[in-house]
Amino acid sequence: MGNQTTTKEKEEKGMKDEVRDQLRQKIQEVIKDEIQEGINDYIDSGNAEGFGKDDKLNVKISNDEVDKIIRPGVKTNEIDNLCYEFINDHGAYSAPLFYRGFPKSSCTSTNHVVCHGIPSNKVLKEGDVLNVDVTAFKDGWHGDTSRMFEVGKVSVKAKKLINTTYDAMMKAIKILKEDIYLGDIGSTIQNYVEAQGFSVVQDFCGHGIGKAFHEEPSVLHYGKKGTGEKIKAGMIFTIEPMINAGNYETKTLNDGWTAVTKDKSLSAQFEHTVGITKEGYEIFTLSKN
Ligand code: MF3
Ligand code: CO
Ligand code: CO
């Protein structure tokens, strides 16, 4: 405990820094390639063959692995280390690491943090709710997913917020098929969430994903039925509603990443990566359990 660092720890840290430098280089190469290929490249790949091969990896992390260690007393850094190790052990890269300067392998967003919480020495305590968001990059493809965790026993209100957020995401996923409108997704989520007395965050949205981490289209979690772009078979995007117990407004802290509710009310989020087919959809980030 405390600030003492053993020689062994120092050696391990040194090794990790080296690995991270190599990773940074690789990721930068990948990002460069993607820009050259053009941002809509993945749509041209039809039903994105290649996708679905190893995209279950990130789900294993967030559902199965992280679940094992979440308890009062655990630091969000420890969750991040687990994500980092797990992704690397499986021959993949963690997409958030060094993404636009983001310093960690996962986002850990507790209580009134809406999204993009940076893993740190923050210690989880009984009653906290927490979103862990992971994105694995493997064999040229990204899979992006997040879910909520409860630390010990949480309030009835927190449970209701979490359940409502999950149900909102699933209701929106279930309407997916070729030729519906992006606005149908937003209105499904907004109508359901507001009827439960909660609000939909407007400052962040879902996104196209594939060979690049974030692409067109933007998938808003609020809006009107029959508006916006029509979706097509072969598209891959995320649905990742952020739902607040209080007002929908957010602000970003001085670290440039952490987004919180303006009124300090609780916030919850779930995320899946989905592919669109003629008749429906496929969820690429489902857990086996
Ligand atoms: N995974 C987040 C999303 O759902 C993005 C995180 S970007 C990071 O789009 F840089 F904060 F990691
Ligand atoms: Co996402
Ligand atoms: Co995500």
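Position 1 is the first residue of the sequence; numbering continues from there. We count ligands from 1, going down the list as the structure has it; atoms in each ligand are counted the same way.
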Under 3.5 Å, is there a donor-acceptor pair linking the side chains of [X] and [Y]?
| X | Y | value |
| --- | --- | --- |
| Asn111 | Lys264 | no |
| Glu240 | His207 | yes |
| Thr273 | Asp144 | no |

Quick check: is Phe237 connected to Ile175 through a chain of hydrophobic side chains (ILVMFWY, heavy atoms under 4.5 Å apart)?
yes

Given 3.5 Å as the limit, does a donor-acceptor pair link the side chain of His272 with the main chain of Met170, or not?
no

Could you tell me if the side chain of Ser106 sits less than 4.5 Å from the side chain of Pro119, heavy atoms only?
yes

Tell me, do Leu253 and Val260 make a side-chain contact under 4.5 Å, heavy atoms counted?
yes

So, at under 2.8 Å, which protein N, O or S atoms would a careful student list around the Co ion (ligand 3)?
Asp133 OD1, Asp133 OD2, Asp144 OD1, Glu271 OE1

Tell me every residue that passes side chain to side chain donor-acceptor pair (under 3.5 Å) with Asn244, counting only those two or more places apart in sequence or in another chain.
Ser267

Quick one: list whatever passes side chain to side chain donor-acceptor pair (under 3.5 Å) with Lys125, sequence neighbours left out.
Asp128

Under 3.5 Å: N or O atoms of ligand 1 paired with protein N or O:
from     : atom 1 : to     : atom 2 : distance (Å)
ligand 1 : 1 (N)  : Asp133 : OD1    : 3.0
ligand 1 : 1 (N)  : Asp133 : OD2    : 3.2
ligand 1 : 1 (N)  : Asp144 : OD1    : 3.2
ligand 1 : 4 (O)  : Asp133 : OD2    : 3.3
ligand 1 : 4 (O)  : Asp144 : OD2    : 3.1
ligand 1 : 4 (O)  : Glu240 : OE1    : 2.8
ligand 1 : 4 (O)  : Glu240 : OE2    : 3.3
ligand 1 : 4 (O)  : Glu271 : OE1    : 2.9
ligand 1 : 4 (O)  : Glu271 : OE2    : 3.1
ligand 1 : 9 (O)  : Asp144 : OD2    : 3.4
ligand 1 : 9 (O)  : His207 : NE2    : 3.0
ligand 1 : 9 (O)  : His214 : NE2    : 2.7

If you round to the nearest 0.5 Å, how far is CG of Asp167 from CD1 of Ile162?
12.0 Å

I'd like to know: is the Co ion (ligand 2) within the 2.8 Å range of an N/O/S atom from His214, strictly under that distance?
no

